[in-house]
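One-based numbering along the sequence shown.
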Amino acid sequence: MKKIYDLLADVNTCNVVGSTDREVAALEYDSRRVEADHCFFAVVGTASDGHDYIPSAIERGAKTIVCQRLPESLSDNVTYIVVEDSNIAMAAMAAAFYDHPSHEMHLVGVTGTNGKTTTATLLYDMFTALGYRVGLISTVVYRIADKTIPSTHTTPDSIRLNQMMRRMVDEGCDYCFMEVSSHAASQHRIDYLHFEGALFSNLTHDHLDYHGTYKEYIRAKKSFFDALGKDAWAVVNIDDRNGEVMVQNTRAKVYRLSLRSMADYRTKIVEMLPNGMLLHLDDRELWVKFTGRFNAYNLTTVYAAARLLGVDKEEVLTTLSVLTPVSGRFETIMAKDGTMAVVDYAHTPDALDNVIQTINEVRREDQQLIVVCGCGGDRDRTKRPEMARIAVESATTVILTSDNPRTESPEAILDDMVAGVEDAHNYLRITDRAEAIRTATMLAKAGDIVLIAGKGHEDYQIIGTEKHHFDDREQVRLAFDHTHNR
């Protein structure tokens, strides 16, 4: 337990009603999880306002309320702390409640549109292989050394972040690698964390349903680098035009990486095959079990981060050569007749383009590329026609299908996609995703390549508000058994 006054050291309060000499048992922003002596944060969200749930939180036992405006009716024996932004106060108080765990280990954040999960996970894998106890916070999974926790958000709320990091420290973790989403930056979830390093991959079209404009999306990403301390370092990909933008105002020491020009960390792809690449990295050649230009960027970023964290060059290169791809990221499944399926999480125009171009760089002229892709419901609609256009322009055949339709009509989502390819003749429209995958494998001749894009590691499909079990990899294997494994 902590006293309220111990938690307010970094909080700018507008007003305090009641005693701050009160013990707080836990922090919570969901009134349904509040118990006796909890501190409840009334957060203003996009769908609901936490101020509406203050009475419910008090009824459940909350004795401390952090809010942006006082309720009309105040309860006796309850302390009200009025702040300008409940999210910022929550981040400050969460860090204090858990004794600032981010200061007790090497914390590195990874941001960008594509490549965050792969980079963070490979850093976790590398440092684990080097003998360290490591934490991971990613879209796919959260890890505390060898313990696995299901992931709910790319970057959790500030309370859960600090809670997990405290567990990491208590369980002996020396490092933590985490994805930093644009939502997390704009909602102040990462405020008051001490980042030793920050990594930028790229910035392309995504999340405009939330941020509204591309400019605001850039601003959210950039705020992560703006907040870094002078003792931190930042690595940016300068082949992306936003690389230099990210670090315009940072106090951190800046390092640059590139596949095209001179930089602090420079990589050249010497040879690319379906099962790996030969890279020239930091004056050394090494074979890696990854393919694609986007993976060359990811591996260069991993190399740079490891070196800046003090790992010996030979150790880094040796470990890079044995690392394996992340689940659902360019994951290959081979049929007995040589037909190959690639399952990838690509769900943005740039990511889809990268995966398709990578396949086209390594496929022979006699090999078809059949692409299955869709777009999520209740998300940015503007990328739907663009993704369909990218697919039909670069593949032999495209099957447009459902992704996670959520509360939108799957047919309406496909209408948006088709608007970008109305004049094309190489696409089919099959709403049922399982049927789309089966059709793709039937269209494929022995040795062809089938790309299943959009869901990657996910083992579910969200229809309405419910999750149903659905795994692209399982569906591909079942389809191959009927078409190519006989």
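Using modelled atom types and a 3.5 Å distance limit, the side chains of Arg329 and His457 yield a donor-acceptor pair. The closest side-chain donor-acceptor pair between Tyr297 and Asp239 falls under 3.5 angstrom. A donor atom on one side chain and an acceptor atom on the other are found under 3.5 Å apart for Asp350 and Asn114. For Arg143 and Thr148, the side-chain atoms include at least one donor-acceptor pair closer than 3.5 Å.
Using a 4.5 Å heavy-atom threshold, the side chains of Asn404 and Arg379 count as separate. Contact of the Leu107 side chain with the Met165 side chain is registered, since non-hydrogen atoms from C-beta on lie closer than 4.5 Å. Arg251 has its side chain out of reach of Leu228: every pair of non-hydrogen atoms, C-beta onward, lies at least 4.5 Å apart.
For Glu23, the CD atom is densely surrounded, since the number of other residues' heavy atoms within 6.0 Å is greater than 12. Within a 6.0 Å sphere centred on CE of Met262, other residues, nucleotides and ligands contribute 12 heavy atoms or fewer. More than 12 heavy-atom neighbours from other residues, nucleotides or ligands sit within 6.0 angstrom of OH on Tyr192. Residue Asp49 places its CG atom among more than 12 non-hydrogen atoms of other residues, nucleotides or ligands, all under 6.0 Å distant. Within 6.0 Å of the CD atom in Gln357, the count of heavy atoms belonging to other residues, nucleotides or ligands exceeds 12.
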Verdict with supporting geometry, Gln68 and Asp85, side chain to side chain contact (heavy atoms under 4.5 Å, CB included): CA-CA 6 Å; Gln68 293 174 202; Asp85 190 317; 4.2 Å; yes
Test side chain to side chain contact (heavy atoms under 4.5 Å, CB included) applied to Tyr175 and Met126, step by step: CA-CA 11 Å; Tyr175 297 88; Met126 171 176 282; over 6 Å; no
Check against side chain to side chain contact (heavy atoms under 4.5 Å, CB included), Thr301 and Tyr265: CA-CA 8 Å; Thr301 306; Tyr265 299 97; over 6 Å; no
Verdict with supporting geometry, Gln248 and Lys222, side chain to side chain contact (heavy atoms under 4.5 Å, CB included): CA-CA 9 Å; Gln248 280 176 348; Lys222 185 177 180 299; 3.8 Å; yes
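Looking at Asp264, its side chain does come within 3.5 Å of a backbone N or O of Arg256 through a donor-acceptor pair. At distances below 3.5 Å, at least one donor-acceptor pair connects side-chain atoms of His469 with backbone N or O atoms of Asp459. A donor-acceptor pair is defined here as one N or O able to donate and one able to accept, closer than 3.5 Å; such a pair exists between the side chain of Gln461 and the backbone of Asp403. Side chain of Ser151 to main chain of Ser138: a donor-acceptor pair is present (N/O by atom type, distance under 3.5 Å, no hydrogens or angles).
For the pair Lys455 and Tyr460, the cation-pi test (distance below 6.0 Å, angle within 45°) is passed. Taking the ring axis of Tyr255 as reference, the NZ or CZ atom of Lys253 stays within 45° of it and closer than 6.0 Å to the ring centre.
Sequence neighbours left out, the pairs with a member in residues 304-316 that pass side chain to side chain donor-acceptor pair (under 3.5 Å) are Arg284-Glu314.
Salt-bridge formation is not detected for the pair Lys383/Asp380: no Lys NZ or Arg NE/NH1/NH2 atom is positioned less than 4.0 Å from an Asp or Glu carboxylate oxygen. Salt bridge Glu458/Arg433: absent, no basic N to carboxylate O contact under 4.0 Å. For the pair Asp21 and Lys3, the salt-bridge criterion is met [side-chain N within less than 4.0 Å of a carboxylate O]. Using a 4.0 Å cut-off between charged nitrogen and carboxylate oxygen, Arg219 and Glu216 count as a salt-bridge pair.
Ring pair Tyr132/Phe127 is tilted by interplanar angle, where 30° to 60° counts as tilted.
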